[in-house]
Structures are given as C-alpha cells and as structure tokens.
Amino acid sequence: MNVQLNPTEAEIVASTHIGIIGGGQLGLMISEAGRAMGYQALTVLDPTPNAPAAVVAEQIKGGLKDPQALRKLAERSDILTYEIEHINTEALEQLQNEGHTIHPSPQILAVIQDKFRQKEFLAAHGIPVAPFRSVASRSDIEELAQTWGYPLVLKAKKDAYDGRGNARINSAEDIDSALAHLAGRELYIEQRIDLEKELGLMISRNARGEIAAHPVVEMIHERDICQAVLAPASIDATLLKEAEAIAHQAIDQLHGIGIFGVELFLDKAGKLWLNEIAPRPHNSGHYTIEACLTSQFEQHLRAITNLSLGTTTMRYPASVMINILGERNGPAEVHWSQEFDPQHVFVHLYGKRETRIDRKMGHITVVGDNLDEVYQLALKVRAALTI
C-alpha cells in the first residue's frame with residue numbers, strides 16, 4: 001500500500017492513538033492499513049486471546065459489551081471506532097458524554113444495530129426499503145400475508161448477521177417453524193423482493209462533510225452468506241448512479257463519520273431498494289485492498305481522523321473477491337494444491353486457529369482485465385485451497 005500524506009496529515013497520523021472495538025479480521029485489516037499509513041498507536045479490544053488483530057496492534061483482552069473494558073480502551077485512545085455492531089451502545093454514549101471521541105457515533109450505532117429501527121429511519125427519510133412491519137405472533141404474520149402475499153422474510157431486530165436471525169416463509173406451513181427458529185427474539189417481517197441482483201458499495205464521510213464512494217459491486221450469496229463480490233457490478237450506468245445516490249442520501253441523513261457498507265437489492269423490475277447498512281468496513285469492500293487506489297480500511301481511518309478522503313478509482317478493470325469459509329469444525333490447517341500468479345492473485349488468511357462451518361477464515365482477491373475471466377480464476381484459486 002502506497003499511502004500519500006501531506007505534512008499536516010502526517011502529523012495527525014503520528015500523534016493519534018486509534019482504539020478499535022473488536023480484534024477479528026476487520027480489526028486486523030484496519031490495523032494493517034493504519035500501520036501502512038504511519039499510525040504507531042493502535043489498540044484493539046477483544047475477548048479472544050491472541051485475536052487476529054493482535055499480530056499488528058496491541059490487544060486489551062476484554063468483552064465487547066463490558067463497560068470497564070471499553071473504558072480502559074477509551075482512556076488510552078484519542079479516537080474509538082469498531083469493527084462489529086454488537087457492542088454496548090449505552091457504555092459508549094457514557095464515554096462520549098465524558099468527552100471521548102467515537103466514530104461512527106454511538107447514536108448512529110444504536111439506530112443501525114436494531115434493524116427494525118434502521119428501517120424506520122430510512123423509510124422516514126424517503127429512502128426506498130422493502131415493506132416491513134413489527135410482528136409478535138402467528139396471527140400478525142397471517143394478516144400481513146393476506147396483504148402482501150408470500151414469500152415473506154421473518155427477521156430478528158437485533159444481533160443478526162450473515163443470515164443468522166432470518167427465516168423465510170414461503171407459505172402458511174412455514175410460519176410455525178420460522179417462529180420457533182427465532183423464538184425469544186423481537187421480530188419484524190419484510191415482504192420478500194423478487195431479486196435480480198444483490199448490490200453493495202462502501203461509502204465514507206469525514207467531519208468536514210466530504211463524501212466518497214467506492215464502486216458499486218455485485219454480491220453473490222448462498223445460505224444468506226456472501227460467497228463472492230464482483231467489481232464493478234455489471235448493471236446499467238443509470239442504476240450505478242442511482243445506487244450511489246441512495247447510499248449518499250442515507251449516510252448524509254445519518255451524519256455518519258467513517259466508512260459504511262451499504263447493501264442494496266435490485267429487483268426484476270429494475271428498482272433499487274436499500275437492504276441494510278453496516279457502520280464499519282464490510283466484507284463487500286475487501287477487494288479494495290488491491291483493486292482500488294484507496295482501500296476501505298485506509299478510507300475509514302482517513303474519515304474518522306478527518307483527513308482528506310482518498311481516491312476510490314479501481315486500479316484494474318475488474319476484480320473478484322471470494323470468501324474462504326470454513327468447511328468443517330476443528331483446528332485450522334491450510335493446504336494448497338497449486339500456485340498462482342502473485343501479481344494478480346492475493347490471498348488473505350485471518351490467522352484464526354479454529355475453523356467452523358461457514359466461519360470466515362480468509363479471502364481471495366483476483367484482479368485483471370475481464371470480469372468473467374477474473375471470476376473463473378478466483379473460483380479456481382478457491383478450489384485449490386483447503387482449510
């Protein structure tokens with residue numbers, strides 16, 4: 001990574017201590033970007049001994065919702081940020097009230113980590129979202145099914161990610177099993193969009209109000225988990241501009257500082273819907289490390305420290321990111337069956353010692369001139385690796 005900083009920015013970088021809540025792969029890649037930019041003081045909070053980010057940053061061992069652990073991190077940091085939404089917003093608001101700087105703010109996090117509240121916020125600001133309603137019983141769902149028809153998606157309002165917290169309802173026969181799957185949780189339901197593509201983009205904003213977006217990408221999901229990201233998305237230029245405008249409006253209304261992953265649905269009628277927002281670097285932006293002039297991780301640090309935002313132009317005409325997901329439960333051991341061109345193939349392993357089915361163990365980015373060819377090479381690279 002070749003990071004260009006002017007003298008004033010270099011002084012800010014040299015003097016700023018960044019605290020990161022969460023030391024998983026996103027904390028690792030934020031820390032790697034920070035080191036490349038010149039940040040010398042980087043600390044992560046994570047409950048796992050020797051968390052992935054600990055190879056780059058200092059680690060405080062503690063829970064992500066533990067007020068005392070969060071305070072310990074805040075007291076040694078100039079700016080706090082986070083790699084995960086499922087943290088203690090009340091403790092963060094208390095720290096903010098005492099004068100600690102936190103980006104994105106705890107108030108934004110409180111809106112986003114409750115997915116129903118997030119939908120309410122977006123709808124109130126005229127941003128297109130799928131029809132949704134809060135539900136508490138079978139009769140609530142049956143009533144909505146009479147209005148919307150099937151299929152429907154039952155969702156947990158909180159603590160849901162990678163499809164964990166969703167249950168599809170294709171007919172009345174699915175209602176009881178969906179409710180049982182999400183028993184004990186606050187729920188809402190969405191009318192299911194007739195999907196053509198799932199899209200996403202990373203968009204960042206600093207305290208000056210500058211906003212910069214990375215290219216719109218297509219995300220390919222299986223079992224509600226992102227398997228691959230294709231950049232740029234193969235959609236009409238008008239839709240690319242519209243997707244960016246929707247993301248811009250959402251982040252502007254949130255007054256967010258940092259980088260945000262915005263996921264959108266494109267339906268078969270050609271309409272765009274905002275699905276959800278992540279207030280942090282996101283899986284859909286990993287390709288930017290090699291494929292863009294400024295990675296999502298550098299951009300996040302630029303935004304939260306109020307530096308000028310970097311250029312988001314792609315270095316190559318095409319890039320594909322493939323997630324390396326766990327295929328079994330047990331110790332992680334890496335095996336390759338062949339080698340690939342290191343100028344176009346980049347493998348990131350997250351240093352997790354235990355693998356689990358569908359756990360994100362790393363990712364592969366491939367760059368080149370033709371998106372279809374790059375995608376086929378990325379699949380070939382993934383097939384050559386076992387973990």
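In this text the structure is predicted, and so the values were computed from the model without any measurement. Computed from heavy atoms alone, side chains included, the values below leave out hydrogens, waters and symmetry copies.
- Closest approach of Met219 to Cys226, counting heavy atoms only: CB-SG, 4.4 Å.
- Summarising the geometry of Pro128 relative to Ile246, their closest heavy-atom pair is CG-CD1, 3.9 Å, with the distance given to 0.1 Å.
- The nearest pair of heavy atoms linking Gly19 to Leu73 is CA-CD1, 3.9 Å.
- Hydrophobic cluster membership is shared by Leu199 and Leu239, with clusters built from Ile, Leu, Val, Met, Phe, Trp and Tyr side chains linked at under 4.5 angstrom.
- Between Asn329 atom CG and Ile357 atom CD1 the span is 4.5 Å, to the nearest 0.5 Å.
- Listed here is the closest heavy atom pair of Ala74 and Leu95: CB-CD1, 3.9 Å.
- A side-chain donor-acceptor contact under 3.5 Å links Arg315 to the backbone of Cys292.
- For the atom pair CD (Gln146) and CD (Glu143), the distance works out to 7.0 Å, reported to the nearest 0.5 Å.
- Pro104 places a side-chain heavy atom less than 4.5 Å from the side chain of Thr81.
- No side-chain heavy atom of Phe297 sits less than 4.5 Å from a side-chain heavy atom of Glu32.
- More than 12 heavy-atom neighbours from other residues, nucleotides or ligands sit within 6.0 angstrom of CZ on Arg185.
- With values rounded to the nearest 0.5 angstrom, Leu154 atom CG is found 9.0 Å from His181 atom NE2.
- A side-chain donor-acceptor contact under 3.5 Å links Arg35 to the backbone of Val56.
- For the residue pair Glu9 and Ser308, a side-chain donor N or O sits within less than 3.5 Å of a side-chain acceptor on the partner.
- No donor-acceptor pair under 3.5 Å is formed between the side chain of Asp159 and the backbone N or O of His86.
- Counting heavy atoms from C-beta outward, His255 and Gln107 have side chains that stay 4.5 Å or more apart.
- One distance of note links CE of Met321 with CD1 of Ile289; it measures 9.5 Å at 0.5 Å rounding.
- Using a 4.5 Å heavy-atom threshold, the side chains of Pro281 and Met29 count as separate.
- Between Ile387 and Leu349 there is a side-chain heavy-atom pair separated by less than 4.5 Å.
- Residue Glu339 qualifies as open at atom CD: its count of foreign heavy atoms under 6.0 Å is 12 or below.
- Under the 4.5 Å side-chain heavy-atom criterion for Ile, Leu, Val, Met, Phe, Trp and Tyr, Phe132 and Leu195 are members of distinct hydrophobic clusters.
- Residues Lys157 and Ser134 have side chains that bring a donor and an acceptor to within less than 3.5 angstrom of each other.
- Side chains of Glu90 and Gln94: a donor-acceptor N/O pair is absent below 3.5 angstrom, by distance only.
- Looking at Thr48, its side chain never comes within 3.5 Å of a backbone N or O of Ala51 through a donor-acceptor pair.
- No side-chain donor-acceptor contact under 3.5 Å links His363 and Tyr287.
- Residues Gln296 and His286 bring a donor and an acceptor atom of their side chains to less than 3.5 Å of each other.
- Under a cut-off of 6.0 angstrom, the local environment of NZ in Lys271 is crowded, with over 12 non-hydrogen atoms contributed by other residues, nucleotides or ligands.
- Note that CD of Gln249 is 10.5 Å distant from CG of Leu254, once rounded to the nearest 0.5 Å.
- The two atoms that bring Phe260 and Pro279 nearest to each other are CD2-CA, 3.5 Å, heavy atoms only.
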Show your reasoning for whether salt bridge (charged side-chain N to carboxylate O under 4.0 Å, His left out) applies to Arg168 and Asp224. CA-CA 11 Å; Arg168 296 184 185 182; Asp224 291 317; 3.0 Å; yes
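- No donor-acceptor pair closer than 3.5 Å links the side chain of Thr294 to the backbone N or O of Thr312.
- Shown here for Gly310 and Ala212, the closest heavy-atom pair between the two residues is O-CB, 4.5 Å.
- With no hydrogens or angles considered, no side-chain donor-acceptor pair links Thr313 and Thr311 at under 3.5 Å.
- Taking Pro151 as the reference, Asn170, Arg192 meet the side chain to side chain contact (heavy atoms under 4.5 Å, CB included) condition, with sequence neighbours excluded.
- Counting only distance, with no hydrogens or angles, the side chain of Arg382 and the backbone of Leu385 share a donor-acceptor pair below 3.5 Å.
- Note: the hydrophobic cluster containing Met202 does not contain Leu272 (ILVMFWY, side chain heavy atoms under 4.5 Å, direct or indirect links).
- Both Ile324 and Leu379 belong to a single network of hydrophobic side chains, linked directly or stepwise wherever heavy atoms of I, L, V, M, F, W or Y lie under 4.5 Å apart.
- With sequence neighbours excluded, the residues satisfying side-chain hydrogen bond (donor to acceptor under 3.5 Å, both in side chains) with Glu190 are Lys119, Lys155.
- Rounded to the nearest 0.5 Å, atoms CZ (Phe340) and CD1 (Ile364) are 8.0 Å apart.
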Could you walk me through whether Leu230 and Val374 pass the side chain to side chain contact (heavy atoms under 4.5 Å, CB included) check? CA-CA 9 Å; Leu230 284 61; Val374 168; over 6 Å; no
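- Without hydrogens or angle criteria, Thr43 side chain to Glu58 main chain gives no donor-acceptor distance under 3.5 Å.
- No continuous path of ILVMFWY side-chain contacts below 4.5 Å connects Phe346 to Val320, so the two sit in separate hydrophobic clusters.
- When only modelled atom types and interatomic distance are considered, Gln299 and His214 share no side-chain donor-acceptor pair under 3.5 Å.
- In this structure a side-chain-to-backbone donor-acceptor pair under 3.5 Å is present from Glu83 to Gly24.
- Ile169 is listed as a side-chain neighbour of Ile189, based on a closest heavy-atom distance under 4.5 Å.
- Judged by distance alone, with hydrogens and angles left aside, the side-chain atoms of Asn206 form no donor-acceptor pair with the main-chain N or O of Thr305 at under 3.5 Å.
- Remark: Asn6 CG is packed, more than 12 non-hydrogen atoms of other residues, nucleotides or ligands lying under 6.0 Å away.
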Verdict with supporting geometry, Val381 and Ile322, side chain to side chain contact (heavy atoms under 4.5 Å, CB included): CA-CA 9 Å; Val381 175; Ile322 299 278; over 6 Å; no
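- Between Ile30 and Leu42, every side-chain heavy-atom pair lies at or beyond the 4.5 Å cut-off.
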Quick one, Ile175 with Tyr150, criterion side chain to side chain contact (heavy atoms under 4.5 Å, CB included). Give me CA distance, side-chain angles, the key distance, then yes/no. CA-CA 11 Å; Ile175 295 175; Tyr150 295 102; 3.8 Å; yes
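- With Asn275 contributing its side chain and Phe265 its backbone, the two residues share no donor-acceptor pair below 3.5 Å.
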Going through the distances and angles, do Arg302 and Met37 end up as a side chain to side chain contact (heavy atoms under 4.5 Å, CB included)? CA-CA 9 Å; Arg302 284 180 170 275; Met37 293 174 72; 3.8 Å; yes
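- Between Ser319 and Glu290, the closest side-chain pair of non-hydrogen atoms is not below 4.5 Å.
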